[in-house]
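Okay, so here's the structure we're looking at.
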Amino acid sequence: MPELPEVETTVRGIAPFLVGQRLNTVTIHQPSLRWPIPASIETRLSGAICHQVIRRAKYLIFETSHGDVLAHLGMSGSFRLSDPESPRKTHDHIEITVGDLVLRYHDPRRFGCFLWLADAQAQALLATLGPEPLSDAFTGRWLYTQARRRQVAVKNFIMSNPVVVGVGNIYASESLFFAGIHPNRAACRISEARYEHLAQQIRVVLERAINSGGTTLRDFVNGQGEPGYFQQTLQVYGRAGEPCRQCHTPIQSAVIGGRNSYFCKVCQR
DNA sequence: ATGACAACCTGTGGGC
DNA sequence: TGCCCACAGGTTGTCA
């Protein structure tokens, strides 16, 4: 489900309702996510004041007076603020009451996580992360230097977290289309100038998606339960057989690195 | 070090 | 209508 824009949309949606507020009760209904939710979270987090909600890569970090939490939405996770009177749904695994609302973590596939940030496991997850794509540290030169001697397809290269965080399957296809680069091209066979263009397009695509509230393919909703609208402007993702919006050639799809990929064979070389 | 790929788990949609 | 299979937005861990 969520790539960087969807996580950012979630953070922006829920933070105003959490920051400065007390997390009154924390209830774990299903601790079995990708890694077990620490049993200590229920009692230790209850009563904490939430100081800040921030995003790092596709992680959400809840900074509280009783310790910080590192959460990830996996493939199908979402946080949503609801009326406590509304019934809890299947796969609502965590409930946190805040004021007259309840924050629910919903995740059918349970690939997400909810850990104490200070724990070694959480620290290890953050340790290997590359630069934020919307930061000044992310440049074409960085991509170019990282790509030396890398034979891997450029699409897999930009989806790898040590290289740059937050670029998932949708936005990898989209940014490569805007950069005019074929997703199967070996990472080491792209010039620094083309990487400058690619880095710029990655930033533009992610920023536009954030401004549209993210992409909803099946079920993504923001903190208020609303869908994103970026899918209406997707250029190639999920459009196999449909005409390229630039040259009208049918969009191709191919499995690259085990993930479905979409591109225009004329516009992307 | 690099790259390929299975694994984690449930829901959904298409084909028959 | 129902069954079965393929596939889905991510990431880690294992193995060659």
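Bear in mind the structure is a predicted one, so any value in this text is a computation, not a measurement. Below, read A as the first sequence line, B as the second, and so on, with proteins coming before strands; counting in each chain starts at 1.
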**Arg109(A) side-chain proximity, nearest of dG9(C), dG11(B), dC9(B)** = dC9(B)
**Asked** Does any N or O donor sit under 3.5 Å from an N or O acceptor when you compare the side chain of Arg34(A) with the base of dT11(C)?
**Response** yes
**Atom-to-atom span, CG of Leu206(A) to P of dG9(C) - whole angstrom** = 16 Å
**Message:** I'd like to know if Arg110(A) reaches the base of dC9(B) with its side chain, counting only an N/O donor and acceptor under 3.5 Å.
**Reply:** no
**Item:** Donor-acceptor pair under 3.5 Å, Arg149(A) side chain vs dA1(B) base
**Value:** no
**Asked** Quick check: does any side chain N or O of Thr145(A) sit under 3.5 Å from a backbone N or O of Trp142(A), one acting as donor and the other as acceptor?
**Response** yes
**Asked** Does Tyr237(A) place a side-chain N or O at less than 4.0 Å from the phosphate oxygens OP1/OP2 of dG9(C)?
**Response** yes
**Message:** With the stacking rule set at 5.5 Å and 30°, tell me whether Phe111(A) counts as stacking on dC9(B).
**Reply:** no
**Fill in**
Here the distance between atom C1' of dA6(B) and atom CZ of Arg259(A), to the nearest Å, is 14 Å
**Request:** Mind calculating the distance between CD (Gln123(A)) and P (dT12(C)) to the nearest angstrom?
**Result:** 14 Å
**Message:** Can you confirm whether the side chains of Arg80(A) and Ser86(A) place a donor and an acceptor under 3.5 Å from each other?
**Reply:** no
**Request:** Could you tell me whether the side chains of Thr25(A) and Thr97(A) share a donor-acceptor contact shorter than 3.5 Å?
**Result:** yes
**N/O donor-acceptor pair under 3.5 Å between Glu174(A) side chain and Leu234(A) backbone** = no
**Complete:** Rounded to whole Å, CZ of Phe157(A) lies from C1' of dA4(B) at a distance of 17 Å
**Prompt:** Which part of the nucleic acid, if any, lies within reach of Asp107(A) when heavy atoms closer than 4.0 Å are counted: base, sugar-phosphate only, or nothing?
**Reply:** nothing
**Message:** Could you tell me if the side chain of Arg22(A) sits less than 4.5 Å from the side chain of Ile49(A), heavy atoms only?
**Reply:** yes
**Prompt:** Any donor and acceptor pair, going by atom type alone, linking the side chain of Arg88(A) with main-chain N or O of Pro84(A) inside 3.5 Å?
**Reply:** no
**Message:** Between His72(A) and dT11(C), is there a contact of a side-chain N or O with OP1 or OP2 at under 4.0 Å?
**Reply:** yes
**Message:** Using only atom types and a distance under 3.5 Å, with no angle test, would you say the side chain of Arg239(A) pairs donor to acceptor with the backbone of Cys244(A)?
**Reply:** no
**Request:** In whole angstrom, give me the gap between the P atoms of dG11(B) and dT12(C).
**Result:** 25 Å
**Item:** Inter-nucleotide C1' distance (dG3(B), dG9(C)), Å rounded
**Value:** 23 Å
**Prompt:** Would you say dT11(C) has OP1 or OP2 under 4.0 Å from some side-chain N or O of Asn161(A)?
**Reply:** yes
**DNA chain B stem ranges, 3 or more consecutive Watson-Crick or G-U pairs under 3.5 angstrom** = B:2-8 with C:10-16, B:10-16 with C:2-8
**Request:** Name the residue closer to the 5' end of DNA chain C, choosing between Asn260(A) and Ala124(A) according to the nucleotide with the nearest heavy atom.
**Result:** Asn260(A)
**Prompt:** When we call it a touch if two heavy atoms are under 4.0 Å apart, what does Gly168(A) touch: a base, just sugar-phosphate, or nothing?
**Reply:** sugar-phosphate
**Message:** What is the separation between atom CG on Leu73(A) and atom P on dC8(B), rounded to the nearest whole Å?
**Reply:** 22 Å
**Request:** Compare side-chain N and O positions of His91(A) against OP1 and OP2 of dG11(B) and report whether any pair is under 4.0 Å apart.
**Result:** yes
**Fill in**
Met159(A) atom CE is separated from dC5(B) atom C1', nearest whole Å, by 14 Å
**Asked** dT12(C) C1' sits how many Å from Leu129(A) CG, rounded?
**Response** 13 Å
**Fill in**
Between CD of Glu3(A) and C1' of dG10(C) the distance, given in whole Å, is 9 Å
**Request:** Kindly point out which of dT12(C), dG9(C), dG3(B) is positioned nearest to the side chain of Val152(A)?
**Result:** dG3(B)
**Message:** Between Glu207(A) (side chain only) and Val205(A) (backbone N and O only), is there a donor and an acceptor less than 3.5 Å apart?
**Reply:** no
